[in-house]
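Here the structure comes first, spelled out in structure tokens, and everything after it is commentary.
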Amino acid sequence: MGDMLLSDAERQDALDVLEEHVRTGRLDIDEYGSRTAKVTAAKRVSELVPLFEDLPSPRPSALLNGAAAPQVPVMSGENTLSRWLTASAVPIAIVLAVVVLILSRGRLLIISVALPLVVAMIAGARRRR
């Protein structure tokens with residue numbers, strides 16, 4: 001846990017996060033100086049953990065993405081059902097189009113062709129977001 005080496009970008013991100021905590025009044029200037037010295041000297045991601053465990057969000061990306069901190073699921077506004085419907089929208093549309101074609105005895109051929117195409121375009125647009 002946390003044995004990954006710390007990159008320069010991750011170290012800079014940790015320093016930026018400490019600055020944010022000073023700006024919001026969570027850290028005074030002395031505590032900030034002490035923690036920034038430790039961040040600057042840190043070689044591994046695990047060395048950052050004790051420097052941020054008493055602070056709320058924001059957190060350095062190394063602690064969020066790395067192995068040092070437990071992964072906490074983040075709600076992105078799109079739940080599992082929504083992802084499943086997006087992934088399976090085209091096959092469902094094709095099945096519906098075939099049913100419409102059969103039930104209409106060919107009279108609604110344009111719907112049978114257009115429905116899967118429209119659904120595919122919508123699903124493709126949602127995946128790119």
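What you see is a predicted model; the values in this text were computed from it and never measured.
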Atom pair CG/OG of Leu63 and Ser46 - distance to nearest 0.5 Å: 10.0 Å

Glu47 versus Ala42, closest heavy-atom pair with distance: OE1-CA, 3.4 Å

From CD1 (Ile29) to OG (Ser34), nearest 0.5 Å: 12.0 Å

Arg59 side, atom CZ; Glu20 side, atom CD - distance, nearest 0.5 Å: 13.5 Å

Polar side-chain atom of Asp13 near backbone of Pro60 as donor-acceptor pair, under 3.5 Å: no

From Leu55 atom CG to Arg35 atom CZ, the distance as rounded to the nearest 0.5 Å: 4.5 Å

Flag for Asp8-Gln12: side-chain donor and acceptor within less than 3.5 Å: no

Heavy-atom side-chain proximity of Arg26 to Pro56 below 4.5 angstrom: yes

Shortest non-hydrogen contact between Lys43 and Arg11, atoms and distance: CA-NH2, 4.3 Å

Minimum heavy-atom distance Leu6-Ala62, with the two atoms named: CD1-CB, 4.2 Å

Shortest non-hydrogen contact from Leu5 toward Glu10: O-OE1, 3.8 Å

Atom pair CG/OH of Leu18 and Tyr32 - distance to nearest 0.5 Å: 7.0 Å

Backbone N/O of Asp28 and side chain of His21: donor-acceptor pair under 3.5 Å: no

Nearest non-hydrogen partners of Val39 and Ala14, listed with the distance: CG1-CB, 3.8 Å

